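Heavy-atom basis, side chains included; hydrogens, waters and symmetry copies ignored. Every value quoted in this text rests on a predicted model; they were computed, and no experiment measured them.
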Amino acid sequence: MNLPPPPCPFCGQMDLHRIEFPCPDGDGEMQSYVHCNTCGANGPQYREDGVQGWDAWADRAGMRLQ
């Protein structure tokens, strides 16, 4: 079951979108991160454990947003 992402930790708004981009290693896979359209905060763009996009946004406790 996919839950909606939590609100932005900086402004509390839900005006969010996921930005996808190709992996820098050129393997054809896509990576993603979340961007808040209200205040401009970005979620983590890369994590060594491979978590990205909405999941990384939801699991950001203790992590510094970029």
Side-chain angles (χ1 to χ4, degrees):
M1 179 166 116
N2 289 337
L3 297 175
C8 177
F10 299 104
C11 69
Q13 298 299 309
M14 290 294 297
D15 186 16
L16 309 170
H17 72 272
R18 187 177 69 178
I19 297 173
E20 291 190 13
F21 58 97
C23 288
D25 61 12
D27 66 3
E29 292 188 30
M30 299 295 285
Q31 290 184 325
S32 65
Y33 66 95
V34 176
H35 175 79
C36 177
N37 294 316
T38 302
C39 73
N42 289 324
Q45 294 184 24
Y46 173 78
R47 285 180 32 169
E48 290 183 15
D49 60 7
V51 175
Q52 60 181 339
W54 296 123
D55 294 330
W57 182 263
D59 184 32
R60 66 191 181 276
M63 296 186 68
R64 186 172 149 206
L65 296 179
Q66 299 174 347

Nearest atoms (heavy-atom pairs only) where [X] meets [Y]:
{"X": "P7", "Y": "G12", "answer": "CB-O, 3.4 Å"}
{"X": "P6", "Y": "L16", "answer": "O-CD1, 3.6 Å"}
{"X": "E20", "Y": "S32", "answer": "CG-CB, 3.8 Å"}
{"X": "A41", "Y": "F10", "answer": "CB-CD1, 3.5 Å"}

Separation between SG (C36) and CG (D15), nearest 0.5 Å, reads 6.5 Å
For residues C23 and M30, determine if any side-chain heavy atom of one lies less than 4.5 Å from a side-chain heavy atom of the other. no
